> 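Shown below is the structure under consideration.
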Amino acid sequence: MRMDIFTLFPELFPAVLGTSIVGRARKKGMLQICCHQLRDFSPDRRNQKVDDTVFGGGKGMLLAAEPFARGIDALTEHLGKRPHILYMSPRGKVLSQPMARRLAEFENLVILCGHYEGVDQRLLEEYDAEEVSIGDYVLTGGELPAMILADAVSRMLPGVLADEECFTEESHYSGLLEYPQYTRPEVWRGREAPPVLLSGHHANIKKWQREQALAVTAKNRPDLLLKAKLSEEEKERWLAPEKELH
Ligand code: ADE
């Protein structure tokens, strides 16, 4: 996969997307990430201006459509095909694990980072951009959201995670949160690791992990339990907590 990120602050990206698992994937050539300075595509050659006041008297400044459009057009010509275009925005659909998996299927992704009051709506229409939010709160710009999206998508690419980092057991993959995990020492500050995990009894360990995943999901994200695949017995136990109150 190749990702191209258009931003006013390309210098923010290398540390985050050049380190650890994503950095390793890039070095191995599984993934290419290119960050572009939006000002380089400004039609205003002298001042490299990319923003303007909002029509209708809104407050603040809005990013104009043309600098992004020039960047996307140049990239499209270079690639020889139209990439899928994402725009980071608190107005978008909220990023989820299934969305990250879907986006990982694209060969080319473009991520547009807004700043100030956002971007001219016509840009999003012209390029059929998919608006993506990372959650119900507002940040100062799309750069941190773009890094989060790039990280979440990268680790879904085939071969990016080593076997021991595999994502099939972790939170959200199965629709449940992940069960708690422990390492040496067996007793730490008087707290024992659950003995079942040291028993070597594979079936009991699996059963315990499933129970714990259900318990933590019920406690922290009961909304996820309603959508998760549960056995009849699990539904009875975890979806009807009011029964336990009486
Ligand atoms: N830009 C500002 N806030 C954002 C958010 N929550 N998600 C995506 N992009 C944003």
Side-chain angles (χ1 to χ4, degrees), residues 1-22 31 33-42 48-72 75 83-106 108-157 171-172 177 220-221 223-224:
M1 164 180 282
R2 172 173 166 155
M3 292 186 204
D4 287 89
I5 301 172
F6 289 88
T7 166
L8 285 173
F9 305 101
E11 69 277 10
L12 294 177
F13 290 81
V16 173
L17 300 179
T19 312
S20 185
I21 294 171
V22 178
L31 167 67
I33 301 180
C34 306
C35 295
H36 308 276
Q37 169 55 261
L38 184 63
R39 292 190 191 283
D40 293 345
F41 301 94
S42 169
Q48 297 191 303
K49 189 173 152 66
V50 291
D51 58 355
D52 218 320
T53 51
V54 187
F55 285 155
K59 58 183 165 19
M61 300 293 273
L62 200 66
L63 290 170
E66 187 60 17
F68 280 118
R70 289 187 181 202
I72 296 167
L75 176 68
H84 184 62
I85 299 185
L86 306 171
Y87 173 63
M88 305 314 298
S89 155
R91 266 186 2 187
K93 289 222 174 91
V94 177
L95 179 62
S96 63
Q97 201 58 48
M99 193 195 283
R101 257 183 278 161
R102 171 173 65 78
L103 294 176
E105 302 285 326
F106 286 97
N108 291 92
L109 283 181
V110 164
I111 309 176
L112 309 177
C113 301
H115 226 83
Y116 315 124
E117 291 306 310
V119 69
D120 190 313
Q121 180 66 22
R122 292 168 294 184
L123 174 80
L124 307 180
E125 290 164 13
E126 176 77 6
Y127 291 95
D128 198 18
E130 181 177 354
E131 288 187 78
V132 181
S133 165
I134 60 158
D136 294 339
Y137 43 85
V138 181
L139 300 168
T140 53
E143 284 72 21
L144 287 168
M147 290 182 218
I148 286 168
L149 183 138
D151 185 293
V153 171
S154 298
R155 62 199 295 288
M156 290 296 105
L157 297 173
S171 290
H172 297 294
L177 301 182
N220 292 346
R221 293 292 305 276
D223 57 308
L224 293 180

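Because the structure is a prediction, the values reported are computed rather than measured. Both ligands and their constituent atoms are indexed starting at 1 by order of listing.
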> With a cut-off of 6.0 Å (strictly less than), are more than 12 heavy atoms of other residues, nucleotides or ligands near CG of Asp223?
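Yes, enclosed.
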> May I ask you to decide if Lys49's main-chain N or O and Ser42's side chain share a donor-acceptor pair within less than 3.5 Å?
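Judged by distance alone, yes, a pair lies under 3.5 Å.
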> Does Arg101, at its CZ atom, have more than 12 non-hydrogen atoms belonging to other residues, nucleotides or ligands within less than 6.0 Å?
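Atom CZ in Arg101 is packed in, count exceeds 12.
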> Classify the ring geometry between Phe41 and His36 as parallel (under 30°), tilted (30 to 60°) or perpendicular (over 60°).
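Perpendicular, since the angle between the ring planes exceeds 60°.
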> Between Leu123, Val110, Leu124, which is the residue that forms a side chain to side chain contact (heavy atoms under 4.5 Å, CB included) with Ile85?
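So the option named by the test is Val110.
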> Flag Ile134 as yes when one of its N or O atoms lies below 3.5 Å from any N or O atom of ligand 1, and as no otherwise.
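Looking only at distances, the answer is yes, because the N/O contact criterion of under 3.5 Å is met.
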> Counting from 1, what ligand 1 atoms have a heavy atom of Val132 closer than 4.0 Å?
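Counting from 1, the qualifying ligand atoms are 8 (C).
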> In the protein, which heavy atom is nearest to atom 6 (N) of ligand 1, and how far is it?
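Checking every protein heavy atom, the shortest distance to atom 6 (N) of ligand 1 gives Tyr137 O, 2.8 Å.
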> Report the member of Ser89, Gly135, Gly141, Gly114 with the shortest heavy-atom distance to atom 8 (C) of ligand 1.
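It is Ser89 that holds the nearest heavy atom.
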> So for ligand 1, is Thr140 a polar contact partner (N or O within less than 3.5 Å, distance only)?
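Between Thr140 and ligand 1, no N or O pair is found under 3.5 Å apart.
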> Would you mind listing which atoms of ligand 1 come within a distance below 4.0 Å of any non-hydrogen atom of Leu139?
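It comes down to these atoms of ligand 1: 2 (C), 3 (N).
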> For atom 10 (C) of ligand 1, what is the nearest protein heavy atom, given as residue, atom name and distance?
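Answer, as residue, atom name and distance: Pro90 CD, 3.5 Å.
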> So, His84 versus Asn108: side-chain donor-acceptor pair below 3.5 Å or not?
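No, no side-chain donor-acceptor contact under 3.5 Å.
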> Which ligand 1 atoms are under 4.0 Å away from a heavy-atom of Val138?
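Reading through ligand 1 atom by atom, the close ones are 3 (N).
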